[in-house]
2 protein chains.
Amino acid sequence: MKKANRATKPELPRRSPCAVANTLDRIGDKWSLLLVRDMLAGKTTYGQFLESPEGIPTNILADRLKRLEQFGIIARSAYQERPVRYAYALTESGRQLGRVLRALADWGLENIAGTKKELVPGSFVR
Amino acid sequence: MKKANRATKPELPRRSPCAVANTLDRIGDKWSLLLVRDMLAGKTTYGQFLESPEGIPTNILADRLKRLEQFGIIARSAYQERPVRYAYALTESGRQLGRVLRALADWGLENIAGTKKELVPGSFVR
DNA sequence: CTAGTTACTTGCGTTTTGCAAGTGTCTCGT
DNA sequence: ACGAGACACTTGCAAAACGCAAGTAACTAG
């Protein structure tokens, strides 16, 4: 797994100047947007993310949190000392991904049988 | 690479009933939505997809076209016999992904410096 | 008969993913 | 003071996905 010190912006190799391509290079994988979904639903800690029904592996979770932080989509802060515990929260930039989430959810609801809108009621309803 | 006969619906293992998760399992990778973008911009052939600036590898392209067809997002049809040449086009379901593309493009434009809205003018403007 | 075009497939080395287990820090109960 | 437990990760390793280059198949045009 990639070794990168927390909170330093990585210069991603740019495939093209396309806004869609560049966005996908940041959040275009199977897990990143699920974490954003969870945060929009109010989750904030490592442990809470692990509880989601999709079952993200712990190493992937740690990696994605680091990436999202580096991209300025989320921010990490200690919510208590002794012992130190961290909370993750969406930045303004991250909150704006709500529109993407909503579009994805709407598409799934219309086009995939048996899918449900929310796991946590009231999270990203219109 | 996965061996699957064309146009048969694959039963994807369902990570959860969440609409977002299920949508991501279909199109949540670095290439699928770029193909949808290209089709919204009017591209239809294998050769045209290869011309896009991101430079998709040929085996990935063939695989993604097959997947998207299996999910009912695009449809393949021969646009000429002798020699047989194929055209790919979005289905109604695929066209509805335009909303996702627009959300992703808007986010990129606002949050990633140096990104541009379109490669082909008039493709998926509001 | 040779070259060119289109649409792929195949091989293979590299990277990413996923599962399980382990580590470090600190609290609490006895 | 000691052991169990919670939290937030890290490490090792096998399996899957990706990416590059080259090869194949079905024609057409010269």
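Per chain, numbering begins at 1; letters A, B, ... match sequence-line order.
- Using modelled atom types, one finds no donor on one side chain facing an acceptor on the other under 3.5 Å when comparing A:K116 with B:S16.
- The side chain of A:R76 contributes an N or O atom lying less than 4.0 Å from OP1 or OP2 of D:dC9.
- Rounded to whole Å, the distance from CG on B:L35 to P on C:dA7 is 14 Å.
- If you measure from atom CG of B:D29 to atom C1' of C:dT17, you get 14 Å, rounded to the nearest angstrom.
- Between the CG atom of A:N59 and the P atom of D:dA8 there is a distance of 17 Å, rounded to whole Å.
- Taking the side chain of A:W31 as heavy atoms from C-beta on, and the options C:dA7, D:dC9, C:dG18, the nearest nucleotide is C:dG18.
- Under a cutoff of 6.0 Å and an axis angle of 45°, B:R15 and A:W31 form a cation-pi pair.
- The side chain of A:K30 lies closest to C:dG18, out of D:dC9, C:dG18, D:dC20.
- Following rounding to the nearest Å, A:Y86 (OH) and C:dC26 (P) show an atom-to-atom distance of 10 Å.
- For the pair B:F49 CZ and C:dA7 P, the interatomic distance rounds to 10 Å; values are reported in whole Å.
- Across the protein-nucleic acid pair, A:Q48 atom CD and D:dA8 atom C1' stand 13 Å apart, rounded to whole Å.
- Comparing C:dA21, D:dA21, D:dG19 against the side chain of B:T58 picks out D:dA21 as the nearest.
- Atom CD1 in B:I56 sits roughly 13 Å away from atom C1' in D:dA17 (whole-Å rounding).
- With C:dG11, D:dT28, C:dG18 as the choices, the nucleotide that has an atom nearest any side-chain atom of A:P57 turns out to be C:dG18.
- B:R76 forms a cation-pi arrangement with B:Y86, by the criterion of a distance under 6.0 Å to the ring centre and an angle within 45° of the ring axis.
- Under 4.0 Å is where a charged nitrogen must lie from a carboxylate oxygen, and between B:E54 and B:R37 at least one such pair does.
- Considering only the side chain of B:R85, C:dT6 comes nearest among D:dT28, D:dC9, C:dT6.
- The main-chain N or O of A:D29 is never found under 3.5 Å from a side-chain atom of A:S32 such that the two would form a donor-acceptor pair.
- Side-chain N/O atoms of B:K66 include one lying less than 4.0 angstrom from OP1 or OP2 on C:dT9.
- You won't find any donor-acceptor pair under 3.5 Å spanning the side chain of B:T45 and the base of C:dT6, going by distance alone.
- Backbone-only contact: B:Y88 has heavy atoms under 4.0 Å from sugar-phosphate atoms and none from a base.
- Candidate nucleotides D:dC20, D:dT28, D:dC18 were compared by shortest atom distance to the side chain of B:I60, and D:dC18 ranks first.
- Checking D:dA8, D:dG19, C:dG18 against the side-chain heavy atoms of A:Y46 singles out D:dA8 as nearest.
- Taking atom CG on B:L61 and atom P on D:dA17, their separation rounds to 18 Å, with Å as the unit.
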